[in-house]
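For clarity, every value in this text was computed on a predicted model and none was experimentally measured. Throughout, residue positions are numbered sequentially from 1 according to the sequence presented.
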Amino acid sequence: MTIPAAEEWLSAFEGAPSLAGDAELLEHVRQRFHGKYLETIMRARNDMAADRAWEGFYFWMVFPETNRKPFEIPPDEASALLESLKPLVARLREGLREQRSSQA
């Protein structure tokens, strides 16, 4: 199994129509996911902890606009985005696990 390429991550985010039409918003959401939620998911010690991180990312996206978060993604798009990202995260975990075992 291989670690997902940058293009695969970008393609997953571009699959959400609300993000595909706005390069700045797409980059903001992508950076937030990679900088906060992905890190939390990868460090999760069990499925319940990982699920909480996925839920946090979902609710961050669908929560109504505020001064600090000037966008809102429809719930169906946010769900579809999560379903596109989950296989990539699983591949990333597996790829990193394989790398560690080959280095040992």
Side-chain angles (χ1 to χ4, degrees):
M1 186 158 294
T2 61
I3 293 176
E7 296 81 25
E8 293 177 272
W9 293 104
L10 185 57
S11 179
F13 283 99
E14 288 175 336
S18 296
L19 301 179
D22 186 336
E24 191 174 308
L25 175 58
L26 183 144
E27 185 60 19
H28 176 70
V29 173
R30 190 191 66 74
Q31 284 183 351
R32 180 72 176 239
F33 175 73
H34 284 285
K36 180 176 182 178
Y37 296 100
L38 178 60
E39 199 173 302
T40 303
I41 293 163
M42 295 298 288
R43 281 191 274 133
R45 296 197 185 277
N46 57 48
D47 289 343
M48 197 158 114
D51 288 345
R52 279 195 306 269
W54 283 113
E55 284 179 8
F57 182 55
Y58 171 85
F59 285 112
W60 175 75
M61 290 188 292
V62 301
F63 196 77
E65 290 183 26
T66 66
N67 290 346
R68 294 179 53 167
K69 186 185 144 277
F71 69 92
E72 177 180 345
I73 296 175
D76 59 330
E77 280 186 44
S79 293
L81 177 56
L82 291 186
E83 293 310 309
S84 296
L85 291 171
K86 285 180 179 182
L88 296 176
V89 171
R91 282 181 44 210
L92 177 61
R93 284 184 138 174
E94 184 60 31
L96 292 173
R97 195 174 298 126
E98 288 175 3
Q99 277 184 353
R100 280 189 219 119
S101 61
S102 70
Q103 292 172 353

S79 side chain to P75 backbone, donor-acceptor under 3.5 Å: yes
Grab the two heavy atoms, one from L25 and one from S18, that are nearest each other, plus how far apart they are. CD2-O, 3.8 Å
Separation of I3 CD1 from L88 CG (nearest 0.5 Å): 12.0 Å
Parallel, tilted or perpendicular for F57 and F33, by the 30°/60° rule? tilted
With sequence neighbours left out, write down each residue that passes side-chain contact (heavy atoms from CB on, under 4.5 Å) with A49, or none if nothing qualifies. A44, N46, R52
salt_bridge(E94, R91) N-O dist < 4.0 Å: no
Restricting to non-hydrogen atoms, name the atom on E8 and the atom on P4 that form the minimum distance, rounded to 0.1 Å. OE1-CA, 3.2 Å
Distance col, row L26:CG vs F71:CZ, nearest 0.5 angstrom, shows 10.5 Å
For E72 and V62, work out which heavy atoms get closest and say how close. CG-O, 3.4 Å
Output for pair (D22 CG, E27 CD), nearest 0.5 Å, gives 11.5 Å
Can you tell me if CD on E24 sees more than 12 non-hydrogen neighbours from other groups inside 6.0 Å? no
Which pair of heavy atoms, one from V29 and one from F13, lies closest together, and at what distance? CG1-CE2, 4.0 Å
How close do I41 and A50 get, counting heavy atoms only, and between which atoms? CG1-O, 4.2 Å
Starting from V89, can I reach L96 by hopping between I/L/V/M/F/W/Y residues whose side chains sit under 4.5 Å apart? yes
In terms of ring plane angle, is the pair W60 and Y37 parallel, tilted or perpendicular, where the classes change at 30° and 60°? tilted
In Å and rounded to the nearest 0.5 Å, what is the CE to CZ distance from M61 to R32? 11.5 Å
Rounded at 0.5 Å granularity, tell me how far CG in L10 sits from CD in E14. 4.0 Å
When the ring planes of H34 and W9 are compared, do they come out parallel, tilted or perpendicular, using 30° and 60° as the limits? perpendicular
Who pairs with E39 by side-chain contact (heavy atoms from CB on, under 4.5 Å), at least two apart in sequence or on another chain? R43
Could you measure the distance from the NZ atom of K86 to the CG atom of L81? Nearest 0.5 Å is fine. 11.0 Å
Joint hydrophobic cluster, W54 plus M42, side-chain heavy atoms closer than 4.5 Å: yes
